[in-house]
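Reviewing the structure listed below.
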Amino acid sequence: MYNKQKNSIEYSEPVIEQYSDNVVLEVMPQKNDDETSSKYVLIKHDYYSSDSDHGREMLKSIFNALAHSEFKSLIIYLVDKGTLLLDNNNPLFDIFQMLISKSEIVIADDESITKYQISCDLDSKISIQAFSSIAEDIVFLQNVLTLE
């Protein structure tokens with residue numbers, strides 16, 4: 001049986017501690033500044049997965065998690081049907097507006113905005129760009145969170 005008391009749980013890598021015969025505790029490493037500095041998010045649809053009703057509830061949860069995350073900077077890319085989140089009539093419009101307010105910038109695909117005839121009030125944080133420009137950006141980004 002292991003009963004050694006710990007005063008601190010700061011570790012540089014995951015550590016598994018066994019405190020008794022039945023209790024095992026995994027202590028995760030603390031996040032460093034690199035892990036909380038910027039998060040790039042690519043949104044391809046206005047719902048998550050293949051079911052739009054359930055998928056919108058799931059996407060709402062992801063937006064809440066991102067809005068309340070420790071990231072110092074959120075950069076969001078909207079392509080294809082993801083641009084529908086900017087439409088005033090979209091069911092997720094209000095929650096997405098909250099996420100926009102927490103973001104550094106939202107970059108939306110101009111061709112999709114035109115194709116889907118999206119009417120939106122352009123916020124100063126929203127930038128409309130050609131898809132080719134967005135593609136050039138995301139090709140070089142590491143650790144992009146892609147929501148499909």
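Predicted model only: the values in this text are computed from it and were never measured. Counting begins at 1 with the first residue of the sequence.
- Phe140 forms part of a hydrophobic cluster together with Val139, judged by ILVMFWY side-chain heavy-atom separations under 4.5 Å.
- Atoms CD1 and CG, from Ile43 and Leu85 in turn, are 6.0 Å apart once rounded to the nearest 0.5 Å.
- Listed by first and then second residue, the salt bridge (Lys or Arg N to Asp or Glu O under 4.0 Å) pairs involving residues 55-66 are Asp46-Arg56, Glu57-Lys60 (not counting sequence neighbours).
- Under a hydrophobic clustering in which Ile, Leu, Val, Met, Phe, Trp and Tyr are joined whenever their side-chain heavy atoms come within less than 4.5 Å, directly or via other members, Leu59 and Leu42 fall into different clusters.
- Criterion: ILVMFWY side-chain heavy atoms under 4.5 Å apart, direct or through other members. Under it, Ile113 and Ile138 are not part of a common hydrophobic cluster.
- Between the CD atom of Gln142 and the OH atom of Tyr40 there is a distance of 10.0 Å, given to the nearest 0.5 Å.
- Counting only residues at least two apart or in different chains, side chain to side chain donor-acceptor pair (under 3.5 Å) contacts with residues 108-118 comprise Asp80-Tyr116, Asp109-Ser112.
- The salt bridge (Lys or Arg N to Asp or Glu O under 4.0 Å) pairs that include a residue from residues 125-147 number zero, where partners must be two or more places apart or lie in different chains.
- We find the NE2-OH distance between His54 and Tyr48 to be 10.0 Å, quoted to the nearest 0.5 Å.
- Phe71 has its side chain out of reach of Val41: every pair of non-hydrogen atoms, C-beta onward, lies at least 4.5 Å apart.
- Applying the salt bridge (charged side-chain N to carboxylate O under 4.0 Å, His left out) rule to Lys44 yields the partners Glu148; only residues at least two apart in sequence or on another chain are considered.
- Judged as a side-chain contact (heavy atoms from CB on, under 4.5 Å), and not counting sequence neighbours, the contacts of Ala135 are Phe131.
- Ser133 meets the side chain to side chain donor-acceptor pair (under 3.5 Å) test with Gln129; sequence neighbours excluded.
- Annotation for Ile118 and Leu84: closest pair CD1-N, 3.6 Å, computed over non-hydrogen atoms.
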Kindly indicate, with the supporting measurements, whether the criterion side-chain contact (heavy atoms from CB on, under 4.5 Å) is fulfilled by Tyr77 and Ile75. CA-CA 7 Å; Tyr77 292 90; Ile75 295 97; 3.9 Å; yes
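- With rounding to the nearest 0.5 Å, the separation of CG in Leu147 from CZ in Phe63 is 7.0 Å.
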Using a 3.5 Å cut-off and no angle test, enumerate the donor-acceptor pairs between side-chain atoms of residues 93-108 and protein atoms at least two apart in sequence or in another chain.
unit_1, atom_1, unit_2, atom_2, d
Ser101, OG, Met98, O, 2.6
Ser103, OG, Leu99, O, 2.7
Glu104, OE1, Ser73, OG, 2.5

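- Ile76 and Ile134 sit in two unconnected hydrophobic clusters of ILVMFWY residues. Membership requires side-chain heavy atoms under 4.5 Å apart, directly or through other members.
- Cluster membership for Met58 and Leu66, using ILVMFWY side-chain heavy atoms within less than 4.5 angstrom, is shared.
- Both Ile62 and Leu86 belong to a common hydrophobic cluster when Ile, Leu, Val, Met, Phe, Trp and Tyr are linked at side-chain heavy-atom distances under 4.5 angstrom.
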